[in-house]
**Q** 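This is the structure I have questions about; it appears just below.
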2 protein chains.
Amino acid sequence: MAEQHYRIGEFAKLVGLSSYTLRYYEDQGLIRPQRDGNGVRYYTTQDIRWVGFILHLKGTGMRLNELKRYVRLRAAGDSTIAERRAMLQQVKVDAEADIAELQMHLQVLGHKIDWYDGKIDHSIPDAESFHDYLQKFQD
Amino acid sequence: MAEQHYRIGEFAKLVGLSSYTLRYYEDQGLIRPQRDGNGVRYYTTQDIRWVGFILHLKGTGMRLNELKRYVRLRAAGDSTIAERRAMLQQVKVDAEADIAELQMHLQVLGHKIDWYDGKIDHSIPDAESFHDYLQKFQD
DNA sequence: AAACACCTTCAAGTGCACTCTAAGGCAAGC
DNA sequence: GCTTGCCTTAGAGTGCACTTGAAGGTGTTT
C-alpha cells in the first residue's frame, strides 16, 4: 500500500497547527511538502515526524531563526552533523538553565503560599511579614 | 539611621530593570514609589523586596494582567488573602506543567543528541533513522 | 553655565510568531 | 452549478511587554 498522505487541512489537525502556520513555516523554509499535479500540497508520515520534531525543538525554546539555521545545516548533509549536535546541545543547556531558574522562582512562590496558609490558620503571627518569614529558608 | 532610599536610576540598576520599565510598571499600578518635594521618585528597601517578588512572579510565567489583579487584591487588604493564595497556587500549577512539558521536549532532544553521537562515532548504523532509534525508548 | 538626572504626556516603534484578510483563481464532489 | 477546499501574493493586524522618542520642564552638581 502506498504511503499515507494528507492535504493541508487534514495535516493541520493532525499536527495541531493551523494551515496558515504550515504555509508560513514552508515560507520560512522549515517544511517542504510534496505537490500534486494541481499544485496542491501533500504531506506524508515523514512530514508528521519532522513537524513533530520541530515542535519538540520549539518546545525547548528554540527560535525560528535557529530552526532555519538547523534546517539549512540538515540540507547540507552529513558533514554538518557535529554542528547540528552542537546547536541542540546549546538549546538543551539553555533550556535546563531555564528550568532551574523557573524552579528557583517556584520555590519562592511555594513559600509565599505557605505563608498565606499560615496567615489563614493563624499559625504565623500577624506581625510576621513574608520577608521575615523567608529568612528562615536562607540556606 | 533613616531607611535607605534610591532614585530611579540607582534603583533600576539595583533591581535589574530600566528606568523606563519602572515608570511603566508604576503606570500599570504595580509599584507605588514615594516622591520628594520636587516630584522625584524615591524607592525604599521595601520596594526592592516588592519588585523582587514581582520578578519571581513574572519568572514563573505570571502575566502583567494577573499581576495587576494580584496588586489590586493586595491593596484591598487581608480579606483577599484566600483569593491571592488561589492565584499563586494556579500560577504554580501552571508553571509546574510548563516544566513537565519542557522536560518531555528535552528528553527527545537528548535522544537526538545521543543519536548524533552514534552517527559521529558510527556506533549507530548509517541506515538507522532517528525515528527508528527513538522506538527503543517507547515506554 | 553647562551637564546631569530627573520630571511630564503621548505616541510610535520593536521583536517575535503567528494570524488573518483581500482578491483573484482552479478542481472535485454533490 | 454551487459549495468546499485548496492555490497565489502582498500586506495588515494581533498580543505581549516593553522601549524609545519628541518636546518641553525642574532641580542639583561641577
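Below, chains carry the letters A, B, ... as their sequence lines are ordered, and counting in each starts from 1.
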**Q** Taking the six-membered ring for Trp and the full ring for Phe, Tyr or His, determine whether the centres of B/His5 and B/Tyr43 are under 6.0 Å apart.
**A**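 Not under 6.0 Å, so no.
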
**Q** Quick check on D/dC7: is either OP1 or OP2 less than 4.0 Å from any side-chain nitrogen or oxygen of A/Arg41?
**A**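 Affirmative; the distance criterion is met.
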
**Q** Could you give the CD-to-C1' distance, from A/Gln34 to D/dC6, as a whole number of Å?
**A**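 After rounding, the reported distance stands at 17 Å.
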
**Q** By nearest atom, which of the nucleotides D/dC18, D/dC7, C/dT19 is closest to the A/Thr21 side chain?
**A**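 Of D/dC18, D/dC7, C/dT19, C/dT19 is nearest to the side chain of A/Thr21.
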
**Q** Could you tell me how far apart B/Glu26 (CD) and C/dC7 (P) are, to the nearest whole angstrom?
**A**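 One finds 8 Å between P of C/dC7 and CD of B/Glu26, rounded.
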
**Q** Of the candidate nucleotides D/dC18, C/dC16, C/dC18, which contains the atom at the shortest distance from the side chain of A/Arg63?
**A**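 Shortest atom-to-atom distance from the side chain points to C/dC16.
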
**Q** Tell me whether the OP1 or OP2 atom of C/dC20 has a side-chain N or O from A/Tyr24 closer than 4.0 Å.
**A**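 A/Tyr24 to C/dC20 OP1/OP2: no side-chain N or O under 4.0 Å.
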
**Q** Just checking A/Tyr116 against A/Phe130, ring centres under 6.0 Å apart?
**A**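 That pair fails the under 6.0 Å test.
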
**Q** What does A/Tyr42 touch in the nucleic acid at a heavy-atom separation under 4.0 angstrom: a base, only the sugar-phosphate, or nothing?
**A**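 Contact class for A/Tyr42: none.
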
**Q** Using only side-chain N and O atoms of A/Asn38, determine if any of them is under 4.0 Å from OP1 or OP2 of C/dA27.
**A**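 Answer yes for this pair, as a side-chain N or O of A/Asn38 is under 4.0 Å from OP1 or OP2.
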
**Q** Please determine if A/Arg35 and A/Glu26 form a salt bridge, counting it only when a charged side-chain N lies under 4.0 Å from a carboxylate O.
**A**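 Here A/Arg35 pairs with A/Glu26 in a salt bridge, since their nearest N and O are under 4.0 Å apart.
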
**Q** Between CG of B/Asn65 and CD of B/Gln28, what distance do you get to the nearest 0.5 Å?
**A**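 Answer rounded to 0.5 Å: 8.5 Å.
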
**Q** Distance check needed: D/dC16 C1' versus B/Asp27 CG, whole Å only.
**A**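 Between C1' of D/dC16 and CG of B/Asp27: 16 Å.
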
**Q** Within the pair A/Tyr25 and C/dC18, is there a side-chain N or O less than 4.0 Å away from OP1 or OP2?
**A**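 So the side-chain polar atoms of A/Tyr25 do come within 4.0 Å of the phosphate oxygens OP1 or OP2 of C/dC18, strictly under.
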
**Q** Using atom CD of A/Gln28 as one end and atom C1' of D/dT9 as the other, report the distance to the nearest whole Å.
**A**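 Answer to the nearest Å: 15 Å.
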
**Q** Can you see if the side chain of B/Lys58 gets near the phosphate of D/dC18 - specifically, an N or O under 4.0 Å from OP1 or OP2?
**A**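 For B/Lys58, the contact criterion (side-chain N or O under 4.0 Å from OP1 or OP2 of D/dC18) is met.
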
**Q** Nearest whole Å is fine: how far is D/dT26 C1' from B/Arg7 CZ?
**A**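 So the two atoms are 11 Å apart, to the nearest Å.
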
**Q** May I ask you to evaluate whether A/Arg23 reaches the phosphate of D/dG5, defined as a side-chain N or O under 4.0 Å from OP1 or OP2?
**A**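 Result: no.
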
**Q** Could you tell me the separation between the OH atom of A/Tyr20 and the C1' atom of D/dC6, rounded to a whole number of Å?
**A**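 Rounded to the whole Å, the gap is 12 Å.
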
**Q** Would you kindly give the CZ-to-C1' distance between B/Arg35 and C/dC6, to the nearest whole Å?
**A**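 To the nearest whole Å, that distance equals 10 Å.
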
**Q** Once you round it to whole Å, what is the distance between P of C/dA5 and OH of B/Tyr6?
**A**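 B/Tyr6 atom OH is separated from C/dA5 atom P by 19 Å.
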
**Q** Determine whether a donor-acceptor pair (N or O, by modelled atom type, separation under 3.5 Å) exists between the side chain of A/Asn38 and the backbone of A/Val40.
**A**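 It does not hold such a pair.
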
